[in-house]
Amino acid sequence: MDKIKTLGRDLFVLPLVHLIMRLNVPPNSITLFSLVFSVFVFFGYQRGVFWLAGILLLLGSICDTLDGEIARQTNRTSIFGGFLDSTVDRINEFAVYLGLFFYYYNRAPYVIFWILFALFGSLMVSYTRARAEGLGISPRVGIFERFVRLTFLIIGSFLGPKFMVYFLAIIAIGSLQTTIHRILFVYHNSSK
């Protein structure tokens with residue numbers, strides 16, 4: 001997974017970072033711009049235009065990658081910037097799952113179970129990491145980090161509403177597994 005991230009960073013992210021750095025766009029503006037994408041992702045899912053929601057989700061996730069990279073490369077990292085980035089990420093996740101909720105609510109109510117558990121699992125993966133780091137432990141364990149969850153959502157979007165159900169189930173189960181893995185990791189590393 002790290003090799004894929006590194007390859008993507010070198011081929012796609014860094015050229016965009018250098019372009020945006022020349023335009024002198026502040027990292028926090030890019031963070032807020034990702035919020036705009038998530039609003040349109042919400043409407044894409046809610047209206048059943050899954051392929052468009054997938055494209056917008058991809059563009060929003062690129063913004064999410066760019067903001068931190070630009071902040072590091074321009075020495076604009078800040079406590080508030082990190083806080084804003086994490087907060088907007090959670091809002092963006094909620095918007096995605098809320099759009100899916102509204103789409104499936106009357107069409108296939110059983111899918112709501114998977115949506116709620118996928119949202120819960122996603123929030124818990126992020127929360128366990130943040131809480132552990134606050135305790136001085138870096139729980140970078142488990143497969144279903146944000147990158148993986150977004151990848152599954154984007155693939156599911158392009159395959160359409162019938163297939164998205166399976167991707168939501170995978171995200172829900174994988175996120176809960178990652179949450180448990182992190183809890184056990186912190187337990188073992190805090191009891192020493």
Side-chain angles (χ1 to χ4, degrees), residues 1-9 13 34 37-38 41-42 44-45 50 53-54 56-58 60-65 67-68 82-83 85-105 107-192:
M1 193 59 62
D2 287 337
K3 288 181 182 179
I4 294 171
K5 283 184 182 179
T6 303
L7 181 65
R9 181 178 180 269
V13 174
S34 74
F37 277 112
S38 70
V41 170
F42 164 81
Y45 283 134
F50 277 46
L56 295 169
L57 189 57
L58 178 61
S61 66
I62 290 169
C63 287
D64 185 43
T65 302
D67 59 3
F83 170 80
D85 183 47
S86 296
T87 303
V88 168
D89 284 351
R90 302 297 76 78
I91 295 169
N92 290 347
E93 281 188 290
F94 181 73
V96 166
Y97 290 112
L98 187 63
L100 288 165
F101 176 89
F102 279 117
Y103 176 78
Y104 286 107
Y105 183 74
R107 290 175 180 88
Y110 73 94
V111 180
I112 291 170
F113 170 85
W114 291 115
I115 293 168
L116 292 176
F117 272 97
L119 174 61
F120 174 71
S122 296
L123 295 176
M124 288 306 297
V125 167
S126 301
Y127 178 78
T128 51
R129 177 178 170 183
R131 189 66 185 106
E133 286 175 348
L135 298 171
I137 301 169
S138 182
R140 289 181 107 26
V141 295
I143 297 170
F144 274 76
E145 291 187 339
R146 186 166 163 74
F147 173 77
V148 174
R149 296 190 310 267
L150 283 170
T151 301
F152 274 93
L153 283 169
I154 291 166
I155 293 169
S157 298
F158 289 125
L159 293 175
K162 289 181 182 176
F163 289 97
M164 178 60 91
V165 178
Y166 301 107
F167 287 90
L168 288 167
I170 292 167
I171 292 167
I173 294 165
S175 298
L176 291 173
Q177 184 275 333
T178 296
T179 298
I180 292 166
H181 193 173
R182 290 184 174 183
I183 291 168
L184 293 173
F185 181 87
V186 172
Y187 172 76
H188 290 300
N189 286 276
S190 63
S191 57
K192 292 179 181 177

Asks: Is there a donor in the side chain of D89 and an acceptor in the side chain of S126, or the other way round, less than 3.5 Å apart?
Replies: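 No donor-acceptor contact under 3.5 Å links the two side chains.
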
Asks: Please check this pair: side chain of S175 against backbone of A172, looking for a donor-acceptor N/O pair closer than 3.5 Å.
Replies: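 The answer is no, because no donor-acceptor pair under 3.5 Å joins these two groups.
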
Asks: Let's go through R146 and V125 carefully: what are the C-alpha distance in whole Å and the side-chain angles of both, what is the deciding distance for side chain to side chain contact (heavy atoms under 4.5 Å, CB included) to 0.1 Å, and is it a yes or a no?
Replies: CA-CA 8 Å; R146 186 166 163 74; V125 167; over 6 Å; no

Asks: How about CZ on F113, more than 12 heavy atoms from neighbouring residues, nucleotides or ligands closer than 6.0 Å, or not?
Replies: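 Yes, because the 6.0 Å sphere around CZ of F113 holds more than 12 heavy atoms from other groups.
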
Asks: Taking T128's backbone N and O only, do any of them form a donor-acceptor pair with R182's side chain (distance below 3.5 Å, no angle check)?
Replies: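 Between the backbone of T128 and the side chain of R182 there is no qualifying donor-acceptor contact (under 3.5 Å).
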
Asks: For Y97, which residues count as a side chain to side chain donor-acceptor pair (under 3.5 Å) partner, sequence neighbours excluded?
Replies: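 With neighbours one apart ignored, the set is S122.
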
Asks: Below 30° counts as parallel, above 60° as perpendicular, anything between as tilted: where do the rings of F152 and F167 land?
Replies: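 Because their plane-to-plane angle lies in the 30° to 60° range, the rings of F152 and F167 count as tilted.
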
Asks: Is R107 close enough and on-axis enough to Y105, meaning under 6.0 Å and within 45°, for cation-pi?
Replies: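 Relative to the ring axis of Y105, which defines the angle, R107 lies outside at least one limit.
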
Asks: Looking at CD1 of I154 and CG of L159, how far apart are the two atoms once the value is rounded to the nearest 0.5 Å?
Replies: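 Here the rounded value is 12.0 Å.
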
Asks: Could you state the interatomic distance from CZ (F101) to CG (L119), rounded to the nearest 0.5 Å?
Replies: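 So the CZ of F101 and the CG of L119 are separated by 11.0 Å.
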
Asks: Taking it one step at a time, do Y104 and W114 satisfy side chain to side chain contact (heavy atoms under 4.5 Å, CB included)?
Replies: CA-CA 11 Å; Y104 286 107; W114 291 115; over 6 Å; no

Asks: Distance check, rounded to the nearest 0.5 Å: S61 atom OG versus F37 atom CZ?
Replies: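 Nearest 0.5 Å value for the OG-CZ distance: 9.5 Å.
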
Asks: Quick check on F158: does its CZ atom have over 12 non-hydrogen neighbours (other residues, nucleotides or ligands) under 6.0 Å away?
Replies: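 More than 12 within 6.0 Å, yes.
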
Asks: Check the pair Y45, S157 against side-chain hydrogen bond (donor to acceptor under 3.5 Å, both in side chains), reporting the backbone distance first and the verdict last.
Replies: CA-CA 9 Å; Y45 283 134; S157 298; 2.5 Å; yes

Asks: Taking only Lys NZ, Arg NE, NH1 and NH2, and the carboxylate oxygens of Asp or Glu, determine whether E145 and R149 approach each other closer than 4.0 Å.
Replies: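 Result for this pair is no, no salt bridge flagged.
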
Asks: Count the heavy atoms of every other residue, nucleotide or ligand shown that sit under 6.0 Å from CZ of R90, and state whether that count exceeds 12.
Replies: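 Atom CZ in R90 is crowded, with more than 12 foreign heavy atoms closer than 6.0 Å.
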
Asks: If you apply the rule side chain to side chain contact (heavy atoms under 4.5 Å, CB included), what do you find for L100 with L153, and how did you get there?
Replies: CA-CA 11 Å; L100 288 165; L153 283 169; 4.3 Å; yes

Asks: As an exercise, state the distance from NE2 of H188 to CD1 of I183, rounded to the nearest 0.5 Å.
Replies: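 Going from NE2 on H188 over to CD1 on I183, the span is 11.5 Å.
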
Asks: Atom CD1 of I173 and atom CG of L176: how far apart are they, to the nearest 0.5 Å?
Replies: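 Rounded to the nearest 0.5 Å, the CD1-CG separation comes to 8.0 Å.
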
Asks: When rounded to the nearest 0.5 angstrom, what distance separates OG in S34 from CG in D85?
Replies: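 Separation between the atoms: 7.5 Å.
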
Asks: Is it the case that the side chain of T178 and the backbone of F144 share a donor-acceptor pair, with hydrogens and angles ignored and the cut-off at 3.5 Å?
Replies: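 Yes, the answer is positive, given that a donor and an acceptor are paired below the 3.5 Å cut-off.
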
Asks: More than 12 foreign heavy atoms under 6.0 Å from CZ of F117: is that the case here?
Replies: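 Atom CZ in F117 is not crowded, with 12 or fewer foreign heavy atoms closer than 6.0 Å.
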
